[in-house]
Amino acid sequence: MKVEMEDIDDSTICDSVSSLVEGCRLPVHMKGTHDWPLAEIISIKDMQGSKYYYVHYVDFNKRLDEWVTEESLDTRKVHFPRKDTCTGTGVSTPKKLLIGSGNNGTISRPSSPILNNAELVNGNAVLAAALQKRMNRKRKGPSLESEDSQDGVVPPAGPRQSGSMVSHHDDVVTRMKNIEMIELGMHRIKPWYFAPYPQEMVHLPCIYICEFCLKYRKNRKCLERHLVKCNLRHPPGNEIYRKDTISFFEIDGRKNKVYAQNLCLLAKLFLDHKTLYYDTDPFLFYVMTVFDHRGFHIVGYFSKEKESTEDYNVACILTLPPFQRKGYGKLLIEFSYELSKFEGKTGSPEKPLSDLGLLSYRSYWAQTILEILLSIKPVGENEKPQITINEICELTSIKKEDVISTLQNLNLINYYKGQYIITLSKEIIQAHYKQENRKTRIDSKCLHWTPKDWGKRAKW
Ligand code: ACO
Ligand code: ZN
């Protein structure tokens, strides 16, 4: 349950941490800064006589949530939650289940192919039963898999749960980071959000993930044993693009289910706002890699519905943190539009976008549209260059709404003497050319891909 500020009793002077409970809001020292923003206590734990508080900074993204000790709490001004409301949870909780029959009995489509937090934690019984079922199936099957070769996938938990079944407790669990650290190839990465890895993986100092098949192990020894047997040096599926060291692999969520599910699980560590889903069948995954003498190393990916009724050309998109802010995000986005161009369609990313997703898309759209505007030539000598919104859409495969919102955001559209005109200021043009030196671009000549008409197929 969400606690709004108006639900909270007046702030109280409380000089003792002992009266603090989950749901209290107070200024907390944010690690690595000099700031004391307002934060909400999500959870409290006692370890060897010391208390630890898991806090969410109210006006900040959840990836900054952290465990702090009492020295970080300013107990002079505490807002206590009202007694008649559930404690905690003033933060935006993960989107409730969009899958399955809700209270009104309607079935809604998954919005993206990621495992569902709430669904998974929603009653460990469901999870345990599903895991047990899978283990039984494995034991029965002809599998030669050893302890080292669990495929690391949490199976579908049977019938979908309705949103109303998500209890407050589950909410708190899925709102807290549960994985300390992952090791992926040469990188150690601190997760940003909860991901429904199996219970035995949770709260280990580190999870070791094979960077090629994405299976996960409890410790380095287990991973080493796995690596002896794992022959993959690139993602499964077809390599549909290669230029210099950059490649893209297309993976069918139905044909490579284990890989797809492990990718979703990994991605969930850095994606918070998406509904999670077990069934990867309706999705394709485009994994971007960088090549070196050891193989094709995953840098990021995006997923895409095989058929989207809403013209989505991306469901989830991620650049792994060690590679962020180097232009790979825009390269992934550019690739997604290149696919749409090959399909002869316009497309748009699935909503909602995350804060970083919005930044990246806005920047990509602005850059791409400005490039077009600056390249058009006037028809006659004394004419002004002309282009229609539809032509921009056709040239870029960016959906009309996104073209219009970009032009509006950049403040480029004016209504003048009965028609819309676009005025490009010097500043805009200069800013654009400064950005232009984005070195790596998608080269459509290097894309070897024919779109499939999934609608025509009897089955994915
Ligand atoms: N702070 C400020 N600006 C940022 C940040 C940041 N932390 N990260 C990226 N940007 C800006 C960059 O400055 C750049 O803009 P510019 O070219 O105008 O300077 C733009 O965003 C894109 O930068 P890239 O380096 O190309 O993108 P990156 O490789 O960092 O990937 C992405 C962007 C994919 C959104 C990444 O941040 C990520 O994986 N985040 C976690 C998952 C996520 O939120 N995904 C999007 C969800 S929405 C959806 O799935 C449809
Ligand atoms: Zn492997």
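Just so you know, ligand 1 is whichever comes first in the structure, and atom 1 is the first atom listed for that ligand. Heads up: numbering here begins at 1 and tracks the sequence.
For the atom pair NZ of K215 and CG of L232, the computed distance is 8.5 Å after rounding to the nearest 0.5 Å. Here OH of Y259 is found 12.5 Å from OG1 of T280. Values are rounded to the nearest 0.5 Å.
Under a 4.0 Å N-O distance rule, the pair E183/R220 qualifies as a salt bridge. A salt bridge links K257 with D281; the closest basic N to acidic carboxylate O contact falls under 4.0 Å. The residues K255 and E250 are annotated as not salt-bridged, no charged nitrogen and carboxylate oxygen being separated by less than 4.0 angstrom. Ion pairing between R441 and E338 fails under the 4.0 Å rule for side-chain N and carboxylate O.
The residue from R63, K351, R325 that puts a heavy atom closest to atom 8 (N) of ligand 1 is R325. Nearest to atom 31 (O) of ligand 1 by heavy-atom distance, out of T319, T440, L332, is T319. Counting only non-hydrogen atoms, the option in Q324, E334, R362 that gets closest to atom 40 (N) of ligand 1 is Q324.
The angle C230:SG - the Zn ion (ligand 2) - H226:NE2 amounts to 110°, with values rounded to 10 degrees.
Taking a 4.0 Å cut-off on heavy atoms, W192 registers as neighbouring ligand 1. The closest approach between any non-hydrogen atom of A267 and ligand 1 is not below 4.0 Å.
Against a heavy-atom cut-off of under 4.0 Å, L359 is close to the following atoms of ligand 1: 2 (C), 3 (N), 4 (C). Per-residue contacts place C316 under 4.0 angstrom from the following atoms of ligand 1 (heavy atoms of the residue considered): 50 (O). Every atom of ligand 1 is numbered from 1 in the order shown, and the set under 4.0 Å from a heavy atom of G327 is 24 (P), 25 (O), 26 (O). Under a 4.0 Å criterion applied to the non-hydrogen atoms of L353, ligand 1 contributes the atoms 48 (S), 51 (C). Counting atoms of ligand 1 from 1 in the listed order, those under 4.0 Å from a heavy atom of G329 are 24 (P), 26 (O), 27 (O), 28 (P), 29 (O), 31 (O). Against a heavy-atom cut-off of under 4.0 Å, F270 is close to the following atoms of ligand 1: 41 (C), 42 (C). For ligand 1, the atoms sitting less than 4.0 Å from at least one non-hydrogen atom of A315 are 49 (C), 50 (O), 51 (C), numbered in the order shown with element in parentheses. Interface of L356 with ligand 1, defined as ligand atoms under 4.0 Å from a residue heavy atom, comprises 5 (C), 6 (C), 7 (N), 8 (N), 35 (C), 37 (O), 40 (N).
In I317, the parts holding a heavy atom less than 4.0 Å from any atom of ligand 1 are both the side chain and the backbone. If you look at K326 next to ligand 1, the close heavy atoms, those under 4.0 Å, all belong to the backbone.
Inclusion of S354 in the set of residues having an N or O under 3.5 Å from an N or O of ligand 1 is warranted.
Heavy-atom contacts from other residues, nucleotides or ligands closer than 6.0 Å to NZ of K345 number 12 or fewer.
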Problem set entry | Audit row: N61, Y193, side chain to side chain donor-acceptor pair (under 3.5 Å) steps and yes/no | CA-CA 10 Å; N61 188 284; Y193 307 111; 2.5 Å; yes
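No donor-acceptor contact under 3.5 angstrom links the side chains of S360 and K330, judged on distance only. Y57 and W36 share no side-chain donor-acceptor pair at under 3.5 Å.
In this structure, the side chains of Y286 and L339 come closer than 4.5 Å at one or more pairs of heavy atoms.
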